[in-house]
Amino acid sequence: MKIISILGSTGSIGCNTLDVIRLHPSRFKIFALSGHTNLDLLLNQAIEFQPAYIVTKDEKSQVELSALLKNKNQKTEVLFGSEGHKYIAGHENVSTVLAAISGSAGLISTMEAAKKGKEILLANKESMVMAGDLLSKTCEINNGFIIPVDSEHNAIFQVIHDENNPDKINKLILTASGGPFRNSKIEDLVNVKVEDALNHPNWKMGKKVTIDSATMMNKGLEVIEAAFLFKIDYKKIEVLIHPQSIIHSLVEFIDGSSLAQLGTPNMKVPISYALSYPERISSGIAGISLALSEDLQFEVPNLQKFRCLKLAYNCLEQGGSFPIEINAANEVAVDAFLSKKIKFTQISDLIELALSGAISTNINSIDDILAIDNEAKIKAKLLLKGTKFA
Ligand code: MG
């Protein structure tokens with residue numbers, strides 16, 4: 001039986017994971033859950049799954065939930081904040097950690113799980129983008145193991161997990177839906193509203209990743225994630241727009257064979273593979289019917305239109321701390337767009353400006369990463385106050 005801590009149980013990935021776990025009560029035991037702002041949902045999850053711990057975002061919500069659980073005579077202990085997350089990620093009773101906190105906030109707890117040699121189901125791509133080599137090495141040294149949950153990386157993992165020789169791979173092809181603006185003209189993107197950008201055609205996801213999908217920064221971050229995760233030269237990673245989201249990624253081998261993973265675009269499919277690996281279990285989602293599906297289409301992304309994707313490749317070329325810089329600038333830019341401080345097209349403007357003055361520095365520790373992240377965010381926020389974004 002896998003004993004699981006879910007970091008981010010009230011988000012989209014967390015809820016989908018609990019849906020799969022509900023189907024298999026004898027296989028999985030929830031040890032701990034954590035949530036950010038949705039306290040009602042976290043409380044309901046705690047009552048249903050009876051974890052040893054839950055973690056809230058701050059002391060106020062900790063006190064509130066503790067009282068509510070005590071009233072119900074429930075023994076679940078309530079922790080809060082970063083220390084609480086570290087505790088449930090590294091606890092000796094835990095075999096498996098689902099890292100599903102959105103953004104850079106997930107890094108410290110993911111690293112803690114790596115240090116303690118846990119099986120990490122990685123849904124927080126920003127951890128891999130920011131900490132890349134360090135996270136992989138920490139896992140290896142401590143006999144930990146990363147199973148990607150992101151649908152594209154999960155597809156590639158399903159194809160190559162027995163393939164430990166990257167020299168046999170010609171290229172990885174990450175598919176992308178193209179998001180809601182695939183058919184929009186470049187000149188129309190300046191008028192995109194927050195509501196339009198949040199309306200993804202194929203996937204139901206959290207706000208940050210949905211905006212990232214609309215700008216295709218999500219795919220840019222995924223290229224960086226794939227380069228680190230599969231230890232492959234970024235020049236061998238391509239992006240292909242596939243609007244139907246049936247093929248979730250492909251691997252082309254040196255003999256000319258390409259292997260792909262196909263499935264209904266529902267996160268429960270990759271989540272159930274990550275949960276059950278190396279076995280397979282029911283995800284509750286039906287398979288695809290190719291005879292009934294619309295024609296599968298493919299196209300090369302327009303890098304003039306999706307400048308964020310181009311900027312992500314530039315960062316891989318620069319290497320060093322550039323992936324941390326782009327991730328930080330993107331978080332600030334997406335926040336600013338969601339709070340209607342900048343236009344949609346200014347997301348890439350801000351990131352480009354932030355990167356233009358960046359200097360790559362060495363990374364030796366998690367503290368180095370957090371310091372670069374923090375400085376890059378301060379810089380991006382200062383740029384936001386400049387005349388270009390007023
Ligand atoms: Mg993805």
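On a predicted model such as this, the values are computed, not experimentally measured, just so you know. Atoms within each ligand, like the ligands themselves, are counted from 1 in listed order.
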To the Mg ion (ligand 1), the closest N, O or S atom belonging to E222 is OE2

May I ask you to decide if K193's main-chain N or O and D196's side chain share a donor-acceptor pair within less than 3.5 Å? yes

Please step through side chain to side chain contact (heavy atoms under 4.5 Å, CB included) for the pair C315 and E325, ending with a clear verdict. CA-CA 8 Å; C315 281; E325 300 273 353; 5.8 Å; no

So, do F157 and H153 have ring centers that fall under 6.0 Å from each other? no

F306/F181 aromatic ring centres below 6.0 Å: no

Tell me which N, O or S atom from E152 is the closest to the Mg ion (ligand 1). OE1

Shortest-distance N/O/S atom, D150 versus the Mg ion (ligand 1): OD1

